[in-house]
2 protein chains.
Amino acid sequence: MSDALDTVFAALADPTRRAILAMLLEDDMAVTDVADPFDMSLAAISKHLAILSRAGLISQEKRGRVKWCKLEPDALREASVWMQGFGQFEPVHLDAFERFLAQELSVPDTPDTGTESGTGTDTDPAGSA
Amino acid sequence: MSDALDTVFAALADPTRRAILAMLLEDDMAVTDVADPFDMSLAAISKHLAILSRAGLISQEKRGRVKWCKLEPDALREASVWMQGFGQFEPVHLDAFERFLAQELSVPDTPDTGTESGTGTDTDPAGSA
DNA sequence: GGCTTATTCAACCAAACGGTTGACGATGAC
DNA sequence: GTCATCGTCAACCGTTTGGTTGAATAAGCC
């Protein structure tokens with residue numbers, strides 16, 4: 001998994017892990033307490049937490065015998081920024097010919113939402129290929 | 001995969017699929033043209049497109065012999081909304097004791113509507129599990 | 001009809017995932 | 001020291017994933 005987005009999205013793709021993140025949204029928690037509401041072994045939760053930690057979504061700090069888990073929303077924000085590159089533009093409902101026509105007829109600036117429509121190209125959100 | 005977020009995040013967890021989405025951001029494309037820049041068989045790209053389609057991130061319309069792929073940003077927006085539930089709050093830098101103090105000092109019932117304090121609990125973003 | 005192109009299907013493969021169980025090192029309590 | 005608790009590690013298991021190849025379906029071209 002070369003890209004950081006790989007690990008973040010992969011971590012988010014599991015409902016157990018999303019539920020864990022939701023729990024940590026309220027409070028920092030010990031591993032055992034995280035595992036408590038789940039019908040699953042402690043080892044499984046420990047693995048889920050390791051995946052979340054590797055993705056940077058949480059951090060874990062061992063204080064005494066207890067390991068505390070804390071939400072780290074920065075990694076999530078990074079992924080959110082990537083996604084908003086797709087969300088913040090006028091959806092393309094045109095096929096190739098209609099797009100060609102629109103380009104020919106309309107003014108290039110057309111500020112429908114203030115931003116240029118459909119030019120997310122320069123940001124290249126995917127990065128790797 | 002019960003939750004829709006599962007399929008969306010799982011689809012986004014692959015760099016090839018993210019690159020495909022970035023390509024479709026510029027233009028609707030045929031399957032063969034999507035596959036062209038990748039060092040991968042056409043069947044593999046077809047599978048990736050099926051995954052993206054199943055997640056609702058793209059739609060595919062067969063016109064004649066060619067199947068056109070179109071970006072569908074709505075599914076992405078849904079996931080983005082979920083993520084922003086974690087991003088849009090003051091990050092929790094407090095340990096248990098500090099949190100205890102904050103809870104003791106602040107009003108217990110603070111309805112936290114629209115403001116900080118990170119209670120995404122009412123929305124229950126994780127859904128299952 | 002027959003060739004070519006576009007796309008998927010089916011079978012297969014290695015690797016990763018998500019879970020279990022049991023053993024184990026650390027740490028705190030008595 | 002002894003015991004219980006916290007959490008991870010290691011081995012295992014079944015399923016899923018991401019890729020391959022080759023055959024098959026579908027549509028346009030000549």
Side-chain angles (χ1 to χ4, degrees), chain A residues 1-3 5-21 23-24 27-55 57-70 95-96 126 128-129, chain B residues 1-3 5-21 23-24 27-55 57-70 95-96 126 128-129:
Chain A
M1 307 200 190
S2 54
D3 207 286
L5 290 174
D6 288 24
T7 56
V8 170
F9 283 130
L12 294 177
D14 187 280
T16 301
R17 288 194 287 265
R18 287 200 305 277
I20 290 174
L21 290 179
M23 290 164 60
L24 293 177
D27 232 334
D28 298 2
M29 294 179 79
V31 173
T32 307
D33 295 333
V34 169
D36 195 51
F38 295 99
D39 190 18
M40 197 181 300
S41 71
L42 182 63
I45 296 294
S46 182
K47 281 188 186 178
H48 281 303
L49 290 172
I51 290 172
L52 288 170
S53 183
R54 198 160 39 96
L57 290 168
I58 68 169
S59 62
Q60 293 181 291
E61 179 199 358
K62 193 166 186 179
R63 221 176 307 161
R65 193 170 42 171
V66 176
K67 202 170 192 177
W68 290 89
C69 306
K70 179 169 62 176
D95 61 20
S128 62
Chain B
M1 308 200 192
S2 54
D3 205 287
L5 289 174
D6 289 24
T7 57
V8 171
F9 283 130
L12 294 177
D14 187 280
T16 300
R17 289 194 287 267
R18 288 200 307 276
I20 290 175
L21 290 179
M23 291 164 58
L24 293 177
D27 232 334
D28 298 3
M29 294 179 81
V31 174
T32 306
D33 295 333
V34 169
D36 195 50
F38 294 99
D39 190 18
M40 199 181 297
S41 71
L42 185 62
I45 296 295
S46 182
K47 281 189 187 178
H48 280 304
L49 289 171
I51 290 172
L52 289 170
S53 183
R54 199 159 38 97
L57 291 168
I58 69 169
S59 63
Q60 293 181 292
E61 179 200 357
K62 192 166 186 179
R63 221 176 308 160
R65 193 170 44 170
V66 175
K67 201 170 192 177
W68 291 90
C69 306
K70 179 169 64 176
D95 60 14
S128 59

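Letters A, B, ... mirror the listed sequences (proteins, then strands); counts begin at 1. Predicted model only: the values in this text are computed from it and were never measured.
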- Message: Could you tell me how far apart A:Ile45 (CD1) and C:dT21 (P) are, to the nearest whole angstrom?
- Response: 14 Å
- Quiz item: A:Lys62 side-chain donor-acceptor pair to D:dG7 base, under 3.5 Å: no
- Could you tell me the separation between the NE2 atom of A:His48 and the C1' atom of D:dT8, rounded to a whole number of Å? 15 Å
- Note on the structure: Heavy-atom nearest pair, A:Leu24 first then A:Ile58, reads CD1-CG2, 3.6 Å
- Please check the phosphate of C:dT7 (OP1 and OP2 only) for any side-chain N or O of B:Ser46 closer than 4.0 Å. no
- Item | Side chain of B:Arg65 (C-beta onward), nearest among D:dA26, C:dG19, C:dT8 | D:dA26
- Query: Counting side-chain heavy atoms from C-beta on, which of D:dG19, C:dT20, C:dA6 comes nearest to A:Ala44?
  - Reply: C:dT20
- Nearest whole angstrom, please: distance from the P of D:dA27 to the CH2 of B:Trp68. 17 Å
- Task: Could you tell me the separation between the NZ atom of A:Lys47 and the P atom of C:dT20, rounded to a whole number of Å?
- Result: 9 Å
- Message: Using whole Å, what does the distance between atom C1' of nucleotide C:dA16 and atom CG of B:Asp14 come to?
- Response: 13 Å
- Return no unless some side-chain N or O of A:Arg17 is found under 4.0 Å from OP1 or OP2 of C:dG18. yes
- Query: How would you label the contact of B:Ala43 with the nucleic acid (heavy atoms, under 4.0 Å): base, sugar-phosphate, or nothing?
  - Reply: base
- To the nearest Å, give me how far apart CG (A:Asp36) and C1' (D:dT5) are. 14 Å
- Task: Measure from the side-chain N and O atoms of B:Asp27 to the backbone N and O of B:Met29, and report whether any donor-acceptor pair falls under 3.5 Å.
- Result: no
- Whole-Å gap separating C1' (C:dG18) and CZ (A:Arg18): 15 Å
- Checking all strands, does A:Ile51 fall into the base, sugar-phosphate, or nothing category for heavy-atom contacts under 4.0 angstrom? sugar-phosphate
- Toward the 5' end of DNA chain C, by each residue's nearest nucleotide, A:Gly64 or A:Asp39: A:Asp39
- If we only count heavy atoms from C-beta on, is the A:Leu21 to A:Leu12 side-chain gap below 4.5 Å? yes
- When rounded to whole Å, the CG to P distance for the pair A:Asp6 and C:dC17 reads 11 Å
- Is any side-chain N or O of A:Ser41 closer than 4.0 Å to OP1 or OP2 of C:dG19? no
- Message: For a 4.5 angstrom cut-off between non-hydrogen side-chain atoms, does B:Arg18 reach A:Phe9?
- Response: yes
- Query: After noting the C-alpha distance and the side-chain angles of B:Val31 and B:Gln60, does the key distance pass the side-chain contact (heavy atoms from CB on, under 4.5 Å) rule?
  - Reply: CA-CA 9 Å; B:Val31 174; B:Gln60 293 181 292; 4.1 Å; yes
